[in-house]
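Structure, as structure tokens:
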Amino acid sequence: MTKIQFENQSYSVKSGESVLDCLIREGVAVEYGCKSGGCQSCKMEVVSGVPTEQSQSGLDDSEKAQNYFLPCICMPEQDMEVARPGADAVNKLETEVLALTMLNHEVLRIRLQRPDNYDYFPGQFLNLYNPDGIGRAYSIASQAEESFLELHIRHVPNGKVSGWANTQLKAGDQVSISQAAGDCFYTPGNPEQPLLMIGTGTGLAPLFGILRDALRHNHRGEIHLYHGSSVIEGLYMVEEMRVMADEVENFFYYPCVGQDSVPKGIFSGRENQKALADRGDLSGWRVYLCGHEEMVTSTKEKTFLAGASLNDIYSDPFISVAA
Amino acid sequence: MSNSLFDRLGGDNAVNAAVDLFYRKVLTDERINHFFQGIDMDRQAAKQKAFLTMAFGGPNSYTGEDMRRGHAHLVARGLNDNHFDAVVENLGSTLSELGISDDLISEVAAICETTRDDVLCR
């Protein structure tokens with residue numbers, strides 16, 4: 001008989017029974033809806049074992065890459081250990097601060113020693129905890145082969161974590177972080193697809209991670225990155241991005257500022273409006289949206305209406321937490 | 001040999017092909033798009049897929065009670081027959097664009113019709 005492990009308990013799956021039905025029969029509190037693979041509200045993660053092909057058929061590539069599956073349509077063929085999605089993100093790890101660098105007047109780049117066996121996709125986020133145990137999510141800008149984890153932290157007025165990181169943290173300190181989570185990252189398999197990246201503020205951090213990950217996978221389609229800020233002082237890494245755009249044939253970079261008068265090489269106007277106007281029909285494009293929540297939400301709808309398939313739109317809205 | 005409507009439409013592939021087209025039509029239809037403003041698009045797309053699967057005669061476990069519970073807040077905001085008709089019309093033109101025959105579209109519309117009273121909470 002097939003067994004499933006869930007939250008330190010083992011359950012026997014009856015013949016012809018789905019993983020979800022088994023958990024429900026055993027009285028486990030799990031979320032579910034249509035029980036037929038449609039609504040995806042019961043989505044879970046396979047920790048060990050292999051999900052059936054059918055149980056991943058309606059999921060997008062980033063969900064499959066994280067071993068997500070739909071327990072309602074999974075009749076397991078072998079023993080599996082399953083978990084709620086992102087369940088291991090709560091496990092804290094200790095690591096060392098390697099270096100701190102200001103990228104502009106308010107954005108701190110922090111590099112942390114990457115713990116052994118720390119798996120992530122560039123563009124995912126992790127929680128960084130202050131000494132009081134209060135955590136905030138930051139996107140990961142570093143690359144899989146790098147020995148450090150890079151985060152870009154904007155100093156929020158009275159921010160419990162960003163304030164501490166900006167004023168008290170120093171190289172050599174030990175800090176706590178969570179495992180990486182999130183589904184806004186690069187997935188290989190369609191190297192000719194054009195990519196549109198739109199970010200505001202430290203939304204550049206995940207986009208920088210995703211961009212370099214795409215290039216590392218020899219992505220050949222055009223990659224257009226629009227980075228915006230309301231004021232010019234809010235942009236950062238402008239020179240570094242320009243150098244990359246000069247060196248990499250299929251990469252294009254557009255720094256945008258919501259001011260009328262801007263220096264040469266900077267575009268005046270909102271990054272999302274410029275991107276939509278420049279690119280026009282987005283049929284066949286893959287879209288990455290990171291940063292300000294309202295920008296991400298509204299641009300998601302606009303890029304979808306411009307022709308991008310919903311499965312090809314990846315987004316990471318930065319939800320601000322009351323300080 | 002009798003093939004179900006779901007199979008004749010193309011099964012899951014038909015649902016996947018239709019969902020983007022259908023959702024785009026709904027979001028740009030001034031008659032009904034105000035019901036869809038400000039909601040999470042990924043969750044909504046998953047619901048649309050479940051709806052399309054049901055409307056295509058595919059596997060689902062929706063009950064009339066589910067339909068009522070899922071739409072009661074919209075009925076409170078004025079959801080009526082005209083809006084229901086607009087959704088069915090958008091579904092029909094979606095299928096038409098995908099090259100589905102009028103006969104099959106009528107069968108899909110007939111399935112939608114069976115949910116009308118539950119959706120409108122009557």
Side-chain angles (χ1 to χ4, degrees), chain A residues 18 20-21 24 31-43 53-63 68 70 72-73 75 85 182-184 281-287 289 293-294 296-317 319, chain B residues 4 6 9-30 32-71 90 94 97-98 111 115:
Chain A
S18 71
L20 178 67
D21 282 333
I24 293 171
E31 246 191 81
Y32 63 93
C34 73
K35 291 174 77 178
S36 47
C39 72
Q40 304 193 356
S41 50
C42 65
K43 189 165 63 189
E53 198 181 322
Q54 201 218 350
S55 69
Q56 292 187 305
S57 57
L59 302 180
D60 67 29
D61 288 344
S62 74
E63 291 172 322
Y68 286 178
L70 298 177
C72 66
I73 51 169
M75 320 298 163
D183 55 13
C184 187
D281 184 356
L282 294 175
S283 304
W285 285 66
R286 196 190 308 177
V287 178
L289 307 169
E293 187 182 7
E294 186 278 328
V296 168
T297 308
S298 68
T299 311
K300 191 173 189 176
E301 179 169 333
K302 289 182 180 125
T303 51
F304 173 62
L305 293 177
S309 171
L310 208 48
N311 275 338
D312 278 328
I313 304 175
Y314 296 90
S315 62
D316 186 5
I319 319 281
Chain B
S4 70
F6 191 61
L9 284 166
D12 286 329
N13 289 337
V15 173
N16 290 329
V19 69
D20 273 353
L21 278 177
F22 174 63
Y23 192 11
R24 228 173 254 134
K25 284 182 192 294
V26 166
L27 284 177
T28 49
D29 187 335
E30 299 285 340
I32 48 176
N33 60 4
H34 55 283
F35 290 113
F36 295 88
Q37 268 158 17
I39 53 177
D40 182 282
M41 290 182 70
D42 292 312
R43 287 187 84 108
Q44 184 58 27
K47 286 182 190 164
Q48 307 260 13
K49 275 176 102 163
F51 162 67
L52 292 173
T53 304
M54 187 273 300
F56 291 3
N60 72 90
S61 56
Y62 279 104
T63 63
E65 197 45 47
D66 291 333
M67 288 289 167
R68 287 168 182 273
R69 211 175 42 227
H71 294 90
N90 282 311
T94 299
E97 272 178 46
L98 291 171
I111 294 179
T115 69

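Residue numbers start from 1 in every chain, and the chains themselves are labelled A, B, ... in the order their sequence lines are given, proteins ahead of strands.
Under the 3.5 Å distance criterion, the side-chain polar atoms of A:Thr299 are left unmatched by any main-chain donor or acceptor of A:Val296. Listed for the A:Asp312 side chain is no donor-acceptor partner under 3.5 Å among the backbone atoms of A:Arg286. Judged by distance alone, with hydrogens and angles left aside, the side-chain atoms of A:Glu63 form a donor-acceptor pair with the main-chain N or O of A:Asp60 at under 3.5 Å. Judged purely by atom type and a 3.5 angstrom limit, B:Asn16 has no side-chain atom pairing as donor or acceptor with the backbone of B:Asn13.
Residues of residues 44-54 of chain B placed with any heavy atom under 4.5 Å of a heavy atom in chain A are listed by number as B:Ala45, B:Ala46, B:Lys49, B:Ala50.
Across all non-hydrogen atoms, the minimal contact from A:Ile313 to A:Leu289 is CG2-CD1, 4.0 Å.
Under the ring pair (Phe, Tyr, Trp, His ring centres under 6.0 Å) criterion, B:Phe35 pairs with B:His83, not counting sequence neighbours.
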